[in-house]
> 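I'd like to ask some things about the structure below.
These numbers were taken from a predicted model, which means no experiment stands behind them. The sequence lines fix the lettering, A, B, ..., with proteins before strands; numbering per chain opens at 1.
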2 protein chains.
Amino acid sequence: MKYSEFLKLIPDSKIDICRAAFLEHKDKIQIKKEAVVIKNLEKIFDATLKIGVSKGFQAMTMRDLSAGSGLSMGALYSYFSSKDEILSVYLGQGRKIVKQVLEAFLVKENDPVAKLETVIQIHLFLTEKMHQWFYFSYMEAKNLNPEEMEKSIQSELYTEKLVSDILIEGYKKNIFKDGDHVLGASVIKAMLQDWYLKRGKYARRKIGVDHYAQFIMAFVSAFYLV
Amino acid sequence: MKYSEFLKLIPDSKIDICRAAFLEHKDKIQIKKEAVVIKNLEKIFDATLKIGVSKGFQAMTMRDLSAGSGLSMGALYSYFSSKDEILSVYLGQGRKIVKQVLEAFLVKENDPVAKLETVIQIHLFLTEKMHQWFYFSYMEAKNLNPEEMEKSIQSELYTEKLVSDILIEGYKKNIFKDGDHVLGASVIKAMLQDWYLKRGKYARRKIGVDHYAQFIMAFVSAFYLV
DNA sequence: GTCTATACACAGATAGAC
DNA sequence: GTCTATCTGTGTATAGAC
């Protein structure tokens, strides 16, 4: 699959995140009109992402966020009771989207090689589409409260397990070589993450996501295909 | 080479960093006695690393640092004129050590395969020994001023170039396959960085640095050896 | 060389007008 | 539902005693 095809198959993640955040936090949000909330959550999350990526979430002040989102300080606090809550909600909703999309594409495949290619491609395509969110999520995870931090780690391990399960299945079917499949999944994950962690570098070198996906698949295949 | 042998071959990086920081910033530091400065720089850098890794440099206050280092606020400001200066100096000195050690080991090798193994091992061993410093450096690089940020990026690209040069040399000698060696070096670097970025994960799984180095070398060899 | 005490700015958060 | 004005705590940095 190409990235351009992937884009046509999935809905707009930005609005999904806002709607899901509204539904899940209805009781905590003081404003009641859905349309108003979603419109403003989008402004808040957009500004959080933009400022957070450029200077870090800790360094972003509520005044920065107020200026960036176009809402007053008072208005911000009628949507979230604290600065940290914005981070927790935003990261939590993003994680859900990632899980949903990965599973939706993986369930279509049966062959381990196709599954491996799919998980590599879809992970890269997702991080391409939501690259700022992923970067932000990675960099700010350590500033979460213990409970949310745990969820973040579990989310990481979940995608890693998707990969290791595929490697193990392929080994059992005599398509992949034997080896430490958990460690293998770990380094594959590292290569996938590099795509959004070093996005500027790859952009400067004019390397696109389709090319990167193909390269990673070749690299991994050389080691795993019998 | 094993990590245990590596440790015997290199001097104590902690004291090196402090001494180099003193020599290079003699004029900016108000205190003049070398022994006093080095002793206190060690306290300051140790505390910066410990607190910075756990809560991030931005979130670390000068009061935290004062408590953690055992020096008063006033004393801290007789060594550094601002909080940011501590970060710049500390990261800058660490980068020098990394460069020196990598070059010292690489110069001993001639064969591309041996060179590739050396750069993988020594990079991993260095990041094992200074793992907190590397993690800190990676996470805080984006908070540096533009000038220091540029140095940080250049340092990254420098180690990447060490790898790509080896791949290219090996290709010319018909030992390695052809391909995009810059992209190859990039993903190898990603795998090397994962070692210090996810240190907790590997520790929990009881994977040691020698085993990780051997695995990465096998992974890379499968793709590159003709 | 190191300390304590403090200046001053700015952060997160809230009250109450509109 | 959104705003402005403001409270209160805490941040970096410094002055001056010891």
Side-chain angles (χ1 to χ4, degrees), chain A residues 18 21-22 25-48 51-52 54-90 140 143-145, chain B residues 18 21-22 25-48 51-52 54-90 140 143-145:
Chain A
C18 296
F22 167 68
H25 289 79
K26 247 182 187 163
D27 44 333
K28 288 191 182 173
I29 295 174
Q30 291 172 32
I31 318 303
K32 293 301 161 200
K33 287 186 192 165
E34 172 162 347
V36 175
V37 174
I38 290 180
K39 181 191 69 181
N40 284 334
L41 282 182
E42 194 177 337
K43 286 183 190 169
I44 295 171
F45 288 149
D46 279 356
T48 301
I51 304 167
S54 80
K55 62 156 76 173
F57 184 76
Q58 302 248 13
M60 177 189 82
T61 71
M62 291 302 278
R63 285 175 180 82
D64 289 337
L65 187 58
S66 169
S69 65
L71 280 90
S72 67
M73 297 273 291
L76 289 177
Y77 279 93
S78 59
Y79 289 89
F80 295 97
S81 66
S82 76
K83 189 186 163 188
D84 276 350
E85 197 181 53
I86 301 175
L87 184 62
S88 293
V89 171
Y90 190 35
E140 302 301 337
N143 300 321
L144 292 165
N145 59 55
Chain B
C18 295
F22 168 68
H25 293 265
K26 248 182 187 165
D27 43 335
K28 288 191 181 174
I29 295 174
Q30 292 172 31
I31 318 302
K32 293 302 161 200
K33 286 185 191 164
E34 173 162 348
V36 174
V37 174
I38 290 181
K39 179 192 71 181
N40 284 334
L41 282 182
E42 195 177 338
K43 286 183 189 169
I44 295 171
F45 288 149
D46 278 356
T48 301
I51 304 168
S54 79
K55 61 155 75 172
F57 185 76
Q58 301 246 17
M60 177 189 82
T61 71
M62 291 302 276
R63 285 185 181 90
D64 290 337
L65 186 58
S66 169
S69 66
L71 280 91
S72 68
M73 297 275 291
L76 289 177
Y77 278 94
S78 60
Y79 288 90
F80 295 98
S81 66
S82 75
K83 188 185 162 189
D84 275 351
E85 197 179 52
I86 301 176
L87 184 62
S88 293
V89 171
Y90 190 34
E140 302 302 336
N143 301 322
L144 291 166
N145 59 55

> Listing request: all salt bridge (charged side-chain N to carboxylate O under 4.0 Å, His left out) pairs with a residue in residues 66-75 of chain B, at least two apart in sequence or in separate chains.
none
> Quick one: list whatever passes side-chain contact (heavy atoms from CB on, under 4.5 Å) with S82(A), sequence neighbours left out.
D84(A), E85(A)
> Does anything in residues 25-37 of chain B come within less than 4.0 Å of DNA chain C? Heavy atoms only, and list the residues if so.
I31(B), K32(B), K33(B), V36(B)
> For residues 60-77 of chain B, tabulate all N or O donor-acceptor pairs below 3.5 Å that involve a side-chain atom, not counting sequence neighbours.
{"residue": "T61(B)", "atom": "OG1", "partner": "R63(B)", "partner atom": "N", "Å": "3.3"}
{"residue": "T61(B)", "atom": "OG1", "partner": "D64(B)", "partner atom": "N", "Å": "2.9"}
{"residue": "T61(B)", "atom": "OG1", "partner": "D64(B)", "partner atom": "OD2", "Å": "3.4"}
{"residue": "D64(B)", "atom": "OD2", "partner": "K55(B)", "partner atom": "NZ", "Å": "3.0"}
{"residue": "D64(B)", "atom": "OD2", "partner": "T61(B)", "partner atom": "N", "Å": "3.0"}
{"residue": "S66(B)", "atom": "OG", "partner": "L71(B)", "partner atom": "O", "Å": "2.6"}
{"residue": "S69(B)", "atom": "OG", "partner": "L65(B)", "partner atom": "O", "Å": "2.8"}
{"residue": "S69(B)", "atom": "OG", "partner": "S66(B)", "partner atom": "O", "Å": "3.4"}
{"residue": "S69(B)", "atom": "OG", "partner": "L71(B)", "partner atom": "N", "Å": "3.3"}
{"residue": "S72(B)", "atom": "OG", "partner": "A75(B)", "partner atom": "N", "Å": "3.1"}

> Distance-only, no hydrogens or angles: does the E140(A) side chain make a donor-acceptor pair with backbone N or O of F57(A) under 3.5 Å?
yes
> Quick one: side chains of residues 29-47 of chain A, donor-acceptor pairs under 3.5 Å with protein atoms, not counting sequence neighbours, listed by atom name and distance.
{"residue": "K32(A)", "atom": "NZ", "partner": "K26(A)", "partner atom": "O", "Å": "3.1"}
{"residue": "K32(A)", "atom": "NZ", "partner": "I29(A)", "partner atom": "O", "Å": "3.0"}
{"residue": "N40(A)", "atom": "ND2", "partner": "Y79(A)", "partner atom": "OH", "Å": "2.8"}

> Could you tell me whether Y79(A) contacts a base, only the sugar-phosphate backbone, or nothing, with contacts defined as non-hydrogen atoms closer than 4.0 Å?
sugar-phosphate
> Can you give one letter per nucleotide of nucleotides 7-14 of chain D, going 5' to 3': B for a protein heavy atom under 4.0 Å from the base, S for sugar-phosphate only, - for none?
----BBBB
> Contact boundaries of DNA chain C with chain A (under 4.0 Å, heavy atoms), 5' to 3'?
dA11(C) to dT14(C)
> Could you list the residues that satisfy side-chain contact (heavy atoms from CB on, under 4.5 Å) with D27(B), not counting sequence neighbours?
none
